[in-house]
Structures are given as structure tokens and as C-alpha cells.
Asks: 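Sharing a structure here in C-alpha cells format.
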Amino acid sequence: MRKNRLFLLMALAALMFSCKPNEPVNPSKFNIGSGVFVLNEGNFQFSNASLTFYDPEADTVANNLFYKVNNAPLGDVAQSMALADGKLYIVVNNSNYIYKVDANTMVCDTTKPFKLTDFYSPRLSILRT
């Protein structure tokens, strides 16, 4: 019985000290010219899409950037993303939103995203000439 209590206390102590608090996001420390944005579509009907930035030169990963900076989730099924003129255009097809996000600061006016009402499940395609 005593061994069980000791084991339980050691397991609880290991759990308490193994977690570290999330560091605040400072998007200005990310160099978008040397890194990669990763759009995670999330699960259908769970509204858990997210945006990650990976910088291979600095060997850093910043997860869930959109939510951390804008205090709002991307939505349900982030389908695609394009970078043009320093802006990220993120298409969230099941939520019918297109977000325009500053690629350097990750700031988006989440109170006024472009909401599609005439058709559903938008897609983004890039045509190059």
C-alpha cells in the first residue's frame, strides 16, 4: 500500500514539473522569408483549424498563431492559403470565410472577415501567368 502511494506521488510530481507554460507569441521574431507556414485543416465540424509557422534556420515552431494573436479560432476546415503582397489569404471552407491576415504580425480583423453567402465550400486556386 505504501509503495502505491509513493508511486502515485512521484507520478503526480513528474506531471506537475514536466509542463511548461506557453510563451507569449511575438510574430515579429519570425522571418517569413526563411520559414514555412503550415495550415492545419482540423477536423470537420470541430472548428479547430490552425496556423503554424516553422523556421528551419532558427529551428523554431510557433503553433496556433492565428488564435494566439487574434484570440479567435480560424474555423471549420481551413482548406487553403496564399501569400500575396505580405498578406495571407486563408480560405476556411466549411465556415465560408476568407481571412486576410498580415503575414508579419498575424493580425486579422476577425470582426469583419469576408463571409461568403452566395455559395458554399469555397476553394482557392492560384493562377500564374
Side-chain angles (χ1 to χ4, degrees):
M1 184 70 137
R2 186 174 181 147
K3 286 183 181 180
N4 289 343
R5 285 185 187 168
L6 181 62
F7 177 75
L8 181 62
L9 285 174
M10 288 175 49
L12 286 174
L15 283 174
M16 289 176 56
F17 293 108
S18 66
C19 299
K20 65 178 182 179
N22 289 336
E23 294 180 22
V25 175
N26 182 3
S28 63
K29 72 178 181 179
F30 301 111
N31 180 7
I32 65 169
S34 67
V36 178
F37 285 106
V38 179
L39 188 63
N40 309 298
E41 70 177 20
N43 296 68
F44 182 66
Q45 295 185 338
F46 281 84
S47 293
N48 61 350
S50 63
L51 181 65
T52 297
F53 184 78
Y54 171 61
D55 186 348
E57 290 180 5
D59 196 27
T60 58
V61 175
N63 291 314
N64 218 2
L65 273 178
F66 186 89
Y67 183 81
K68 288 178 181 177
V69 172
N70 297 293
N71 201 27
L74 267 174
D76 193 12
V77 187
Q79 193 269 335
S80 54
M81 173 179 60
L83 176 64
D85 298 325
K87 303 290 182 192
L88 288 173
Y89 296 89
I90 304 172
V91 177
V92 185
N93 73 358
N94 199 44
S95 297
N96 295 323
Y97 286 118
I98 298 176
Y99 291 105
K100 181 179 175 184
V101 179
D102 187 299
N104 294 307
T105 63
M106 293 298 122
V107 173
C108 174
D109 186 1
T110 55
T111 60
K112 296 181 183 180
F114 184 70
K115 176 79 170 171
L116 300 171
T117 57
D118 295 338
F119 58 94
Y120 299 99
S121 297
R123 302 287 191 270
L124 178 69
S125 62
I126 307 247
L127 300 175
R128 295 183 186 228
T129 57

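Throughout, residue positions are numbered sequentially from 1 according to the sequence presented. These numbers were taken from a predicted model, which means no experiment stands behind them.
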Asks: Can you find a side-chain donor-acceptor pair between Asn63 and Ser50 that sits under 3.5 Å?
Replies: no
Asks: What distance do Leu65 atom CG and Leu51 atom CG have between them, rounded to the nearest 0.5 Å?
Replies: 5.5 Å
Asks: Under the criterion side chain to side chain contact (heavy atoms under 4.5 Å, CB included), I'd like the reasoning laid out for Val92 against Gln79: C-alpha separation, chi angles, the key distance, then a yes or no.
Replies: CA-CA 6 Å; Val92 185; Gln79 193 269 335; over 6 Å; no
Asks: Starting from the C-alpha separation in whole Å, work towards a yes-or-no answer on side chain to side chain contact (heavy atoms under 4.5 Å, CB included) for Tyr54 and Asp59.
Replies: CA-CA 7 Å; Tyr54 171 61; Asp59 196 27; 4.1 Å; yes
Asks: Within the 4.5 Å heavy-atom criterion, are Tyr89 and Val101 side-chain neighbours or not?
Replies: no
Asks: What's the separation between atom CG in Asn94 and atom CZ in Phe46, rounded to the nearest 0.5 Å?
Replies: 12.0 Å
Asks: What heavy-atom pair brings Lys100 and Cys108 nearest, and what distance separates the two atoms?
Replies: O-SG, 3.6 Å
Asks: Any non-hydrogen side-chain atom of Leu74 less than 4.5 Å from a side-chain atom of Leu39?
Replies: yes
Asks: Between atom CG of Asp102 and atom CG of Asp85, what is the distance when rounded to the nearest 0.5 Å?
Replies: 11.5 Å
Asks: Kindly compute the distance separating CZ (Phe66) from CG (Asn71), expressed to the nearest 0.5 Å.
Replies: 10.5 Å
Asks: Quick one: name the residues clustered hydrophobically with Tyr67, using the 4.5 Å side-chain heavy-atom rule over I, L, V, M, F, W, Y, and just say none if it's on its own.
Replies: none
Asks: Would you say the side chain of Met106 lies within less than 4.5 Å of the side chain of Leu88, judging by non-hydrogen atoms?
Replies: yes
Asks: Restricting to non-hydrogen atoms, name the atom on Pro56 and the atom on Gly35 that form the minimum distance, rounded to 0.1 Å.
Replies: CD-CA, 4.0 Å
Asks: Show the numbers, then the answer: is there a side-chain hydrogen bond (donor to acceptor under 3.5 Å, both in side chains) between Asp76 and Ser95?
Replies: CA-CA 5 Å; Asp76 193 12; Ser95 297; 5.3 Å; no
Asks: Flag the pair Met81 / Val91 as yes when at least one side-chain heavy-atom distance between them is below 4.5 Å, and no otherwise.
Replies: no
Asks: Are Ile90 and Val77 connected in the hydrophobic side-chain network, where two residues link if heavy atoms are under 4.5 Å apart?
Replies: no
Asks: Would you find a donor on one side and an acceptor on the other, under 3.5 Å apart, between the side chain of Asp55 and the backbone of Thr60?
Replies: no
Asks: Can a donor-acceptor pair be found, under 3.5 Å and without considering hydrogens, that links the side chain of Asn40 to the backbone of Gly42?
Replies: no
